[in-house]
Amino acid sequence: MQELKEYNPKDIEEKWSKFWIEKALYHIEKPDKRRKFSVVIPPPNVTGSLHMGHALNATLQDIIVRWQRMKGRDCVWVPGFDHAGIATQYVVEKQLAKEGKSRLELGREEFLKKVWEWVPKSRNAIRTQLTKLGVSVDWKRERFTLDEGFSRAVRKAFRTLYEEGLIYRAEYIVNWCPKDLTALSDLEVEYEEEPGALWYIKYPIVDENGHDTGEFITVATTRPETMLGDTAVAVNPNDERYKHLVGKKARLPLVNWKRKDLKGNEVDNLIPIIADERVKMDFGTGAVKITPAHDPLDFEIGKTHNLPFVKVIDKTAKMTENAGDFAGMDRYEAREAIVARLRELELLEKEEEITHSVGHCYRCKTVIEPMVSVQWFVKVSDPKIRDISIKVVEEGIKESHEKELFLQLAEVEELTLTIPVTDKGRHVAVIVLDKNTKILAGKREGELAYIYYPKGDEKSLELAKKLANKIKNFEFFAVYEGSPKVIVFGNEELLPPDTYLVLYDGKEVKLYKLQGKELRPVETLAKGEADLEVAQKSIKVRVERVKQVEEEEKKVRFIPEHWKKFYLEWMYNLKDWCISRQIWWGHRIPVWYCKDCGNINVFTDDDFDRAYDKIIFNLIADGKIKNEFTPEEIEQILKSPHFVHPEMTVLDFYKKFVFHRYFSTDITADSLRLFFTQEANPMAMLTPGVSTRGLYRYDSQKKKWKMVLRCKRCRSENLEQETDVLDTWFSSALWPFGVFGWPENTEDLKNLYPTDLLVTGFDIIFFWVARMIMMGTHFMKDIPFHDVYVHALVRDKFGRKMSKTLGNVIDPLDIIEKYGADALRFTLAILTVQGRDIKLAEEKFEGYKHFANKIWNASRYVLMNTPEDFLARLPYMAPLKPEDKWIITRLNETAEAVNKALSEYQYSQAAHAIYEFFWSDYCDWYIEFTKERIYKKPPEGEGEEVEQLKMQIENERTTALYTLHYVLEKALRILHPFMPYITEELWHKLPSAEGESISLKEFSEKNEEEIFTEDKEKVERLKEIITAIRSLRADLQIKPNQKIKAAYKTESELSKKVIEEFKHHILNLAKLESFEEVSERPKDTVATFSRDTEIYIYTEGQVDVEKLIQSYEKKREKLLKELDRVNKKLSNENFLKKAPVEVVEKEKQIKEELENDLKKVEEILKVLKS
RNA sequence: AGGCGGGUAGCUCAGUUGGGAGAGCGCCGCCCUUACAAGGCGGAGGUCGCGGGUUCAAGUCCCGCCCCGCCUACCA
């Protein structure tokens, strides 16, 4: 007997999440490539705390990962987070602003220190939150986009792309944020509809001599301030209104000062009128002013027509010197001033109010200024990147490679196998297959290597080959005809004779029955390491060369599928990706410009060959040390705890996560000094074995060492590093292989890439998913993931986005606090339907906390009735009753439903199936059924008969308990991926639970041998009868606890059988005193019916006849309506002719049922009315 | 403007090859029955947005329309 306290999620959740982490339960050091299931977590920003979207994302992944793990996969789920360049910088700048400081005052170095101080706080918060959710990630593999390994990977990627000509630097018009002072990619700009104005400005036409002709050309603009940078007026070549003006010039109003283009050349204020197809005739006046330096379309037109580029707005959105009289003004100030001036000069034809959409910085919401500047781009439009990224999604790439295997074929006369299974060195089982063993096939190094088969029996050989092809994961398998002997924990058992397949997949030994081509799983025999002891008689071995074609499909699948189109549309119109950002927080571009010859040098640690050099270079490139440093500084950094993995030092991190090998035992200030001295020693050339690379130089005044980088072209030391950093998404794009150690060719990379699943929100398909596909296919020559599950957006109950400004956010942590992580997870899962956003209200969590509570209490019932010696009693249990078989059947059906749903990512369906089973089947019905056996009191008295009766009662009780346990344990496993905590807690309390954690047990599968159709039907019928009685009781206002008499009449054998067999249940569950068969309706009874059975309840006292009549009238109407529909159908000749026979038959059956019901209702009504 | 998704019970939503309209919450009635009142039992509630078509048969497929949401593009 075990007492369970009240359900309190807090108590158990903390305990188990700690347990999982401390035991590193979800860490697999060396996953097996053949059965791995790898996932990388979409790294949350370090900026915020987790919101509901993150909780959803993590939950959906964890459900699949836990499920796959239980199905025997080696799951590796890598957590991490990204540095979120602009967002983080923005947050820290805002904090500084509160102290009245700006980053520019602080300087780059000091500012970055501040960021590094701030980041761990946020990152720890995220880590805690994920932990609370119960995610089964492998914390030992945690990564950060700015850790040493990742930074190195980023430089490597940059360099590779640059050398391949896929990264270029160019002058281009970009989206500029004048507040954050950086360029933004197209995706980082948010457009919003805003009221604005369209100003019509008259530009005077001049003749060849520059004199006004008196004619004007009117242009329309929303941004008059940019007119100062105009270098042309454009019209459509087909526009009759302006044809005569093309080729002439206009005088740019206001501008009577000198303007200079980007190269410093003077630009005239007489600007050409040009013709260009891109000008729309029907917009504005059909004539458009061209400001190539401040408008994307004008930029394009300026390029084609070779127009000068005049910048009139600077990076802080102030007017430049080119703006003459308006220089120094803010752009909006200038706008007003210019409009006023034009009005004075009567050059303003009119002003029109319009709404137009204006681009804003996604982060600070400042209006974007399109601006020409020099930026770095990835040429993603190059077919080398784009085409393959389209193809892997559009149709997939099939690759087949042919392999040659040397297969040993051993013809044997007699073959005997013994398969001992050991678990952590301890023998747990032995399977003995005597000389009737037909086939043995086995692998070496993952490839089919040998087959033993009976001499001359080519059929068996063929079967062996066929099976080898069909079964993916096996170390060896054997086919056996006869009765195998199985010894588990010393108990010997002989299985019934038949043909068996014994399969070992490296983890567990499974037994199948072989029926023709079908494999039917029987059971898992044992888990652990299996050996093979082979004894054979007369062996003849030959070697066969087998050519094996392995087909591999590289295809990224979007779920739901329509996101595929979304992705492809974008890829078809791909523009090059601006990757430089003028901020400080991020990966500084690894480019060093030569100030002497202008060469662009890209350095990575590939340029250096020793571990010391590599580390020092990386420290410099990461900004961890300056170009000049002391050995002590380096030692201090290397010996400090690592940021992501504080359990190791930075140096250890370098060894493990950057270089993936142990190159040296230690690096100290002394060893560094020695190294530098040798390197820098001019006498080195006299010392054998010491290089003269001159890579380090000592400054005796500063007492610092310097690493000397030289221009790769002219050897000049006069280098200057690029100040820009890379777009955060550039590093995120490397995530699925970067976390596994790329660019090193690590075991993890070989075993875990491509990953199996990516779960993410649609809003970052372009930002992230697309870029991972581009970079993955480019660097790894393979897709980054097979499935992309795009989850919904979490909205509030009115369907609005959750946002802090609206104040409608639901914080997952609050929910966990109030309802528990299990309830949170289950709620999110059950609300997750493909292709639909989630509208969330707090009440929902409450409902599913009730579900958790229900399971808790059901388990309490089971446990409080379980005697200490339960396991010892099991051998004496009585045979299963039909209701036991019914619940077992339902359990198996549920397992099947959940497996199927999860394999299709139908979270809601999976959750519903287990919910329904637990609550309705197990709690509402099954537990109620068992109460009779559980609570039955043994008879009083003595004597043999009494003893026997006592024993029988005891054994039947054991059966009920056995079934309760058996089903509960398996159901908990099915529920585990959704509610990991409560299932873990309860599972450990079950006496039948063996092992470390429910999360490592196998997931329940449907077992055909546990489907008892007949028992299921009988119990379903029983439920109907009970419900019918309860319903009538309620109609008659009979109190639930009042026992009453009832009777029934039926012609049906089945119903009669069910009622007699389960009369005790009917009496108990419908609270009846008696339920006897009668041949006619007894007096003083009210009738109801269930299908073919009439049920009579004896009434005592008042009956509200009117109410009953109403109720039956309603039923009658409903039946008539239904009957009408069916009759119409059945009287339709076409229906009878064209519909499939089954459908017609079914319809006829329905009709019969309806008519029967109607007849009964009418009879009842007649009696009631009389 | 184009594309996508949605419109089913009071609310939130299921409904997978077209074949008797479902769940949860809410509501109403009865009940503290020894797992659970965070519960049990019973019940009411629906022209499946509108119109047309295909079909023996349409919530489900096709066409048109109306709302709602989102995305993309244009916006001189």
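Computed over heavy atoms, backbone and side chain alike; hydrogens, waters and symmetry mates excluded.
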Looking only at side-chain atoms of [X], point me to the closest of [options].
| X | options | result |
| --- | --- | --- |
| A:Tyr848 | B:A38, B:G42, B:G24 | B:G24 |
| A:Lys844 | B:A38, B:U12, B:C56 | B:U12 |
| A:Asn853 | B:C4, B:C36, B:G39 | B:C36 |
| A:Thr1027 | B:C70, B:C13, B:G42 | B:G42 |
| A:Val833 | B:A14, B:A38, B:G20 | B:A14 |
| A:Asp924 | B:G20, B:A38, B:C41 | B:C41 |
| A:Pro1040 | B:G5, B:C56, B:C30 | B:C30 |
| A:Phe762 | B:C56, B:C36, B:C70 | B:C70 |
| A:Arg1030 | B:C70, B:G20, B:C41 | B:C41 |
| A:Lys565 | B:A23, B:G45, B:C4 | B:C4 |

Original post:
P atom, B:G3 versus B:C25: distance in rounded Å?
Top reply: 41 Å
Just to be sure I understand the rule, does [X] reach a base, reach only the sugar-phosphate, or reach nothing, if contact means heavy atoms closer than 4.0 Å?
| X | answer |
| --- | --- |
| A:Trp199 | nothing |
| A:Val279 | base |
| A:Leu198 | sugar-phosphate |
| A:Phe566 | sugar-phosphate |
| A:Ser1111 | nothing |
| A:Glu1142 | nothing |
| A:Arg223 | nothing |

Given [N], is OP1 or OP2 found less than 4.0 Å from the side-chain N or O atoms of [X]?
| X | N | answer |
| --- | --- | --- |
| A:His912 | B:G24 | no |
| A:Lys1114 | B:G45 | yes |
| A:Ser1031 | B:G43 | yes |

Subject >> For RNA chain B, the dot-bracket pattern of Watson-Crick and G-U pairs whose distances stay under 3.5 Å, | for other-strand partners >> reply: (((((((..((((.....[..)))).(((((.......))))).....(((((..]....))))))))))))....
Original post:
Any donor-acceptor pair under 3.5 Å joining the side chain of A:Lys1039 to the base of B:C30?
Top reply: no
